[in-house]
Amino acid sequence: EAGVAQSPRYKIIEKRQSVAFWCNPISGHATLYWYQQILGQGPKLLIQFQNNGVVDDSQLPKDRFSAERLKGVDSTLKIQPAKLEDSAVYLCASSLVSGVYEQYFGPGTRLTVT
Amino acid sequence: KNQVEQSPQSLIILEGKNCTLQCNYTVSPFSNLRWYKQDTGRGPVSLTIMTFSENTKSNGRYTATLDADTKQSSLHITASQLSDSASYICVGDNTNAGKSTFGDGTTLTVKP
């Protein structure tokens, strides 16, 4: 079975620019997660989708971050405008259903903001 | 506040040796304890998932233990290999609230 796909793998932008990340979860997985992982730390949940609805976005900085999951499959995460402290790895994960904690992670997108 | 503390922060061992990583959690109410392996530049990969009623679970050379009374878990790696070099992340779940708390990981380096 194909895993979680993410693109791009790496991105370098200047502060105040915008950037978007894409995620394609495992086929049939209803729940999709976006995490931010700063170097040396564990992943921090940004947003969780169940199909195309938002379950939890309590830690998403909504003044600059947005995410959508059209048609309950692929998802995009956008940052606009980026700040230096947004430099991190952005991980996408999926699970069969919400509440099932067997999560499958993608390879991540490493963002560097200069 | 829910917290997951992992120790040590980093560890260096020689190939073939065993090691144990620790995880202390304050997640309430507690449901599951997960361990992940994260290779450099990759996403985390699940090693074990234990419910609050389980005491131990193995996955090859990896054995996780859970003591829900003391709120401690450990991950034991037997006969380490160079490929075990990675970050190991502990996660505590509160399924009632649908919340998970990630630790900051232990970085393991296995040297030949």
Handout entry: Structural part of B:Q6 lying under 4.5 Å from a heavy atom of chain A
Key =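 No part of it gets close to chain A.
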Please indicate whether [X] has more than 12 foreign heavy atoms, meaning atoms of other residues, nucleotides or ligands, lying under 6.0 Å from its [atom1].
X: B:Q81; atom1: CD; value: yes
X: A:L84; atom1: CG; value: yes
X: B:Q9; atom1: CD; value: no
X: A:K62; atom1: NZ; value: yes
X: A:K11; atom1: NZ; value: no

Please say yes or no: joined through hydrophobic side-chain contacts below 4.5 Å, possibly via intermediate residues, are [X] and [Y] part of one cluster?
X: A:V113; Y: A:L46; result: yes
X: A:I79; Y: A:L32; result: yes
X: A:I13; Y: A:Y90; result: yes
X: A:I47; Y: A:V55; result: no
X: B:I12; Y: B:L21; result: no

Practice task
Search all heavy atoms of B:G43 against all heavy atoms of A:L91 and return the closest pair with its distance.
Solution key: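 Minimum heavy-atom contact is CA-CD2, 4.0 Å.
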Practice task
List the atom of B:I89, the atom of A:P43, and the distance in Å for their closest heavy-atom pair.
Solution key: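 Shortest heavy-atom contact: CD1-CD, 4.0 Å.
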Exercise for the section: Using distance alone, with no hydrogens and no angle criterion, decide if A:E102 and B:S46 have a side-chain donor and acceptor under 3.5 Å apart. Expected result: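 Side chains of A:E102 and B:S46: pair found under 3.5 Å.
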Exercise for the section: Look at A:Q41, A:K44, A:Q6 and state which one has the largest set of heavy-atom pairs under 4.5 Å with chain B. Expected result: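 The option with the most such pairs is A:Q41.
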Problem - Selection from B:G41, B:S31, B:P44 maximising heavy-atom pairs under 4.5 Å formed with chain A - result: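 Going by pairs under 4.5 Å, I would pick B:P44.
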Handout entry: Side chain, backbone, both or neither of A:Q37 within contact of chain B (heavy atoms, under 4.5 Å)
Key =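 Just its side chain gets close to chain B.
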Exercise for the section: Name the region of A:L45, side chain, backbone, both or neither, that has any atom closer than 4.5 Å to a heavy atom of chain B. Expected result: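 No part of A:L45 comes within 4.5 Å of chain B.
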Practice task
May I ask you to decide if A:G106's main-chain N or O and B:R42's side chain share a donor-acceptor pair within less than 3.5 Å?
Solution key: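 Looks like no, no N/O pair under 3.5 Å.
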Handout entry: Contacts of residues 103-112 of chain B with chain A (heavy atom under 4.5 Å)
Key =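 Residues of residues 103-112 of chain B touching chain A at under 4.5 Å: B:G103, B:D104.
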Handout entry: Derivation of the side chain to side chain contact (heavy atoms under 4.5 Å, CB included) call for A:S58 and B:K99
Key = CA-CA 11 Å; A:S58 57; B:K99 300 287 187 181; 3.7 Å; yes
